[in-house]
Amino acid sequence: MADPLDLTGRAVIVTGGTKGVGRGIAAQFRGAGASVVVCARHEPETELPDGISFVTADVRDPDDAERVVAATVERHGRLDVLVNNAGGAPPAESATASPKFSTAIITLNLIAPLVMAQRANAVMQGQEDGGSIINIASVSGRRPSPNSAAYGAAKAGLLNLTETLAVEWAPKVRVNAVTAGMVRTEQAHLYYGDEAGIAAVGATVPLGRMADPADVGDVCLFLASSLARYVSGAEIVVHGGGEKPAYLGASTASSGGQAK
């Protein structure tokens, strides 16, 4: 029986795939045999693994989005999977964030994935076996997101976009979302401090640690595979069980108390 997670002969694009979560996703696809193209605004700081190629691109630019897709098809003859991973935002107070700042954040985290998806869909619809589009969302789009209002709103919009495109582009193209929680990357120290701080933050997660990029990549691999052939318009939350409710730390009741 053929291995459903063997993606040999498949072509995959991972936006923002040179570092962090994106690099982890790209590595998992490459490990499954796929040919992988990653794109980012800047050259990779470290050498990419064999079988992963790089295209310089700013996904906020529609012409660059078209160029990444075209380069992938020219190089590999097809496009089977698009992972819209590029995104993020620096913190900004909601009361003072400028319209220019908010527009830039929404463009990167919502408009760019839509444009990339449009370009990928145009190719996938012409392939006999269609394709798969995976949007990397965030828990910031599912709960309040203080000091990152535009980012949280954009990620919430990405979830709606996922459901809408899944309806419009079926049956050839499946569209799903992976909603990531806290992930330990090479920049974790900027957000969580030293090793002790990272461990302490990880301990707040029910599974006892922050995610590794590979944890997110494995879920993407599943969604791109034939194992998920009937999965579209879905959201898979990858957050290790989520965040413990704040009242648990504040309550003076016994652990046997009944939730209200």
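All residue numbers in this chain count up from 1 along the given sequence.
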Kindly indicate, with the supporting measurements, whether the criterion side-chain contact (heavy atoms from CB on, under 4.5 Å) is fulfilled by V12 and V37.
CA-CA 6 Å; V12 179; V37 176; over 6 Å; no
Let's go through E45 and T18 carefully: what are the C-alpha distance in whole Å and the side-chain angles of both, what is the deciding distance for side-chain contact (heavy atoms from CB on, under 4.5 Å) to 0.1 Å, and is it a yes or a no?
CA-CA 8 Å; E45 296 179 359; T18 62; over 6 Å; no
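- Shortest non-hydrogen contact noted between A120 and L79 is CB-CD2, 3.7 Å.
- To the nearest 0.5 Å, atoms CG (L82) and CD1 (I13) are separated by 6.0 Å.
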Take S232 and W169 through the side-chain contact (heavy atoms from CB on, under 4.5 Å) test and state the conclusion after the steps.
CA-CA 10 Å; S232 194; W169 295 350; over 6 Å; no
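- The CG atom of L227 lies 9.0 Å from the CG atom of L221; values are rounded to the nearest 0.5 Å.
- Between the S102 side chain and the P99 main chain, no donor and acceptor come within less than 3.5 Å of each other.
- The side-chain heavy atoms of T46 and P44, taken from C-beta on, include no pair separated by under 4.5 Å.
- Side chains of F29 and V83 form a contact here, defined as non-hydrogen atoms less than 4.5 Å apart.
- Judged by distance alone, the side chains of T15 and N85 never bring a donor and an acceptor atom under 3.5 Å apart.
- Using a 4.5 Å cut-off on side-chain heavy atoms (C-beta onward), V216 and Q28 make no contact.
- In this structure, G16 and A86 approach most closely via the heavy-atom pair N-CB, 3.9 Å.
- Under the 3.5 Å distance criterion, with hydrogens and angles disregarded, no donor-acceptor pair is assigned to the side chains of R23 and T185.
- Of the listed residues (N135, I134, V175, L110), just one forms a side chain to side chain contact (heavy atoms under 4.5 Å, CB included) with N84, and that residue is N135.
- Both V14 and V178 belong to a common hydrophobic cluster when Ile, Leu, Val, Met, Phe, Trp and Tyr are linked at side-chain heavy-atom distances under 4.5 angstrom.
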Would you please test R184 and E195 for salt bridge (charged side-chain N to carboxylate O under 4.0 Å, His left out) and show each step?
CA-CA 11 Å; R184 178 170 184 170; E195 286 298 318; 2.5 Å; yes
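- Under the 4.5 Å side-chain heavy-atom criterion for ILVMFWY residues, a single connected hydrophobic cluster contains both L165 and V69.
- Using a 4.5 Å heavy-atom cutoff, the side chains of K244 and T204 are not in contact.
- Put simply, the residue from T107, T103, N109 that forms a side chain to side chain contact (heavy atoms under 4.5 Å, CB included) with I105 is N109.
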Test salt bridge (charged side-chain N to carboxylate O under 4.0 Å, His left out) on D63 and R119; report intermediate values, then the result.
CA-CA 10 Å; D63 291 337; R119 302 298 188 267; over 6 Å; no
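- Between G233 and E163 the shortest heavy-atom distance is O-CG, 3.7 Å.
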Going through the checks in order, is the salt bridge (charged side-chain N to carboxylate O under 4.0 Å, His left out) test met by D61 and R41?
CA-CA 11 Å; D61 183 335; R41 289 184 296 162; over 6 Å; no
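- Looking only at distances, no side-chain donor or acceptor of D212 sits under 3.5 Å from a matching main-chain atom of V183.
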With side chain to side chain donor-acceptor pair (under 3.5 Å) as the criterion, how do S53 and R75 come out once you've worked through the C-alpha distance, each side chain's angles and the decisive distance to 0.1 Å?
CA-CA 10 Å; S53 55; R75 188 170 300 166; 2.7 Å; yes
Going through the checks in order, is the side-chain contact (heavy atoms from CB on, under 4.5 Å) test met by H239 and T179?
CA-CA 8 Å; H239 62 2; T179 294; over 6 Å; no
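- Listed here is the closest heavy atom pair of F54 and H42: CZ-O, 3.3 Å.
- Proximity of T162 to E235: side-chain heavy atoms (C-beta onward) are nowhere separated by under 4.5 Å.
- At a threshold of 4.5 Å between side-chain heavy atoms, the hydrophobic network of Ile, Leu, Val, Met, Phe, Trp and Tyr places I52 and M116 in two separate groups.
- The two residues G17 and A26 come nearest to each other via the heavy atoms O-CB, 4.3 Å.
- One finds the CG atom of L158 at 9.5 Å from the CG atom of L114 (value rounded to the nearest 0.5 Å).
- Listed here is the closest heavy atom pair of R143 and V139: CG-O, 3.1 Å.
- No donor-acceptor pair closer than 3.5 Å links the side chain of S251 to the backbone N or O of L248.
- For the pair E93/N147, a side-chain contact is recorded, criterion being any heavy-atom separation below 4.5 Å from C-beta on.
- In this structure, OG in S225 is found 7.0 Å from CG in L7, a value given to the nearest 0.5 Å.
- A donor-acceptor contact shorter than 3.5 Å links the side chain of K155 to the backbone of I136.
- The hydrophobic cluster containing I133 also contains L161, counting ILVMFWY residues as joined when their side-chain heavy atoms lie under 4.5 angstrom apart, directly or transitively.
- Taking OH of Y192 as the start and CD1 of I198 as the end, the distance is 9.0 Å to the nearest 0.5 Å.
- In this structure, R30 contributes its side chain and A34 its backbone to a donor-acceptor pair below 3.5 Å.
- Proximity of a side-chain donor or acceptor of S98 to a complementary backbone N or O of F101 within less than 3.5 Å is detected.
- Residues R67 and V55 meet the side-chain proximity criterion, which asks for heavy atoms closer than 4.5 Å.
- Here the CG atom belonging to D218 is positioned 11.0 Å from the CG atom belonging to L223, to the nearest 0.5 angstrom.
- Residues V219 and V81 share a hydrophobic cluster, clusters being chains of Ile/Leu/Val/Met/Phe/Trp/Tyr side chains in contact below 4.5 Å.
- Evaluation of the salt bridge (charged side-chain N to carboxylate O under 4.0 Å, His left out) test over residues 168-177, restricted to residues two or more places apart or in two chains, returns none.
- Residues forming a salt bridge (charged side-chain N to carboxylate O under 4.0 Å, His left out) with D58 (at least two apart in sequence, or on another chain): R60.
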